[in-house]
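Comments concern the structure below.
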Amino acid sequence: MKKHNFYAGPAILPEIVLKEAAQSIINFNNSELSLLEISHRSKGFEAVMDESESLVKELLGIGEEYAVLFLTGGASSQFFMIPMNILKDGEKAAYINTGVWASGAIKEVKNFGIAEVIASSESDQFRHIPKNYSIPTDAAYLHITSNNTIYGSQYQHWPESPIPLVCDMSSDLFSRPVDGNKFDLIYAGAQKNLGPAGVTLVVIKKSLMGRSGRKLPSMLNYALHAEKGSMYNTPPVFPIYVSMLTMRWIKSMGGLEVIANRNEAKAKLLYDEIDRNSCFVGTVAKEDRSRMNVVFTARHQDHEPLFLEACNKANCVGLAGHRSVGGFRASLYNALELESVATLVQVMQDFEKDHA
Ligand SMILES: *Cc1c(COP(=O)(O)O)cnc(C)c1O
């Protein structure tokens, strides 16, 4: 039997997706060739690109005003590609700092313009999502990070932004319905909730491309990738294919509403136990708790290694907190079953009996 996989990323994928992906490596669509040994410009792979793009548009409810790009370099490359492509020299962009990844994005602006941090939860160890701030209308865009993968906070309401809204959705894309039209740019590294590492999804309003007027290296130019249908160079064929299979799976499950309800149920089960159990403490403000990455600590620090050992014994893996924060983190991405969370909750209850 498979282990209960709580890793934060790369992370769990639906079993049926893994099986289809494995099959495609041996014999892709009965072509008697592997997906890994055919041209990215073959008919077979072009169909994968077309379907991937239309699934992204369908799931986000967006139309022709948007370009859907499958790029490389990870979400981290978007930290600089965004200001490089959008921000004019010396112009400013507004950022909300909700954690390590948001800080990473802020850091990369300085080569192209100015990042104005209009709100931050840093002084609170990123335990909440900032609420009261005003968005400067002279900034080129507002950048937010929808889900804080490391500290475990998540936007439950989007800011009403009078300027273009840019969002890093790496760790909660397609975990709940999102109206893509509220955003001017959405990006996500695939390896949290969509597919294997190696592809980064960028959804950008076409009117925003090339806004900076800057001369750009070809590979870092959104407009060129859009013009070439993400085939300016060889795209990461296998991560794109697996991401397509995951999006098909989301649809087969009943779509994002159903996925969101599953995710709510999993998160509730675990947070209720954290709040009830005398051995554990939730670290994030309740209204901002992430449905994807549940972060908690042991009330007594010496319990930490003991609990991780108990998890391992029960085949629950990937529960150590990020190396920068310690404690525990249970990632409950789309593909994780409620049964896995129930197993973890049982381990927590048994742990309390033995150690409280
Ligand atoms: C993991 C993560 C990143 C970094 O992604 P890479 O693909 O490794 O560059 C950026 N932002 C968020 C929110 C993440 O969870």
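Every number for a ligand or one of its atoms is a count from 1 in the order of the listing.
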Inset, instruction - Using the side chain to side chain donor-acceptor pair (under 3.5 Å) rule, take Asn334 and Ser175 through it: C-alpha gap first, then chi angles, then the decisive distance, then the call. - result: CA-CA 6 Å; Asn334 289 347; Ser175 68; 5.2 Å; no
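For atom 4 (C) of ligand 1, the nearest non-hydrogen atom of the protein is Trp101 CZ3, 3.5 Å. Among protein heavy atoms, atom 5 (O) of ligand 1 sits closest to Ala75 CB, 3.5 Å. The nearest heavy-atom contact from the protein to atom 8 (O) of ligand 1 is Gln191 NE2, 3.3 Å. The single protein non-hydrogen atom nearest to atom 2 (C) of ligand 1 is Lys192 NZ, 2.6 Å, given as residue, atom name and distance. The shortest contact between atom 9 (O) of ligand 1 and any protein heavy atom is with Ser76 OG, 2.6 Å.
Judged purely by distance below 3.5 Å, without hydrogens or angles, the side chains of Asn97 and Ser103 pair a donor atom with an acceptor atom.
Classified by interplanar angle (parallel below 30°, tilted 30° to 60°, perpendicular above 60°), the ring pair Phe79/Trp101 is tilted. Note on ring orientation: taking the six-membered ring where Trp is involved, the planes of Tyr232 and His225 are perpendicular (angle over 60°, cut-offs 30° and 60°).
Checked by atom type and distance alone, the side chain of Asp184 never pairs as donor or acceptor with a backbone atom of Lys205 at under 3.5 Å.
Residues meeting the salt bridge (charged side-chain N to carboxylate O under 4.0 Å, His left out) test with Lys313, sequence neighbours left out: none.
For the side chain to side chain contact (heavy atoms under 4.5 Å, CB included) with His4, the lone residue among Ile12, Val347, Thr343, Leu344 that qualifies is Thr343.
Inclusion of Asp168 in the set of residues having an N or O under 3.5 Å from an N or O of ligand 1 is warranted.
In Ile150, neither the side chain nor the backbone holds a heavy atom less than 4.0 Å from any atom of ligand 1.
Close approach to Ser170 involves these atoms of ligand 1, each under 4.0 Å from a residue heavy atom: 10 (C), 11 (N), 12 (C), 13 (C), 14 (C), 15 (O). Interface atoms of ligand 1 facing Thr145, defined by a heavy-atom separation under 4.0 Å, are 13 (C). Against a heavy-atom cut-off of under 4.0 Å, Gly74 is close to the following atoms of ligand 1: 7 (O), 9 (O).
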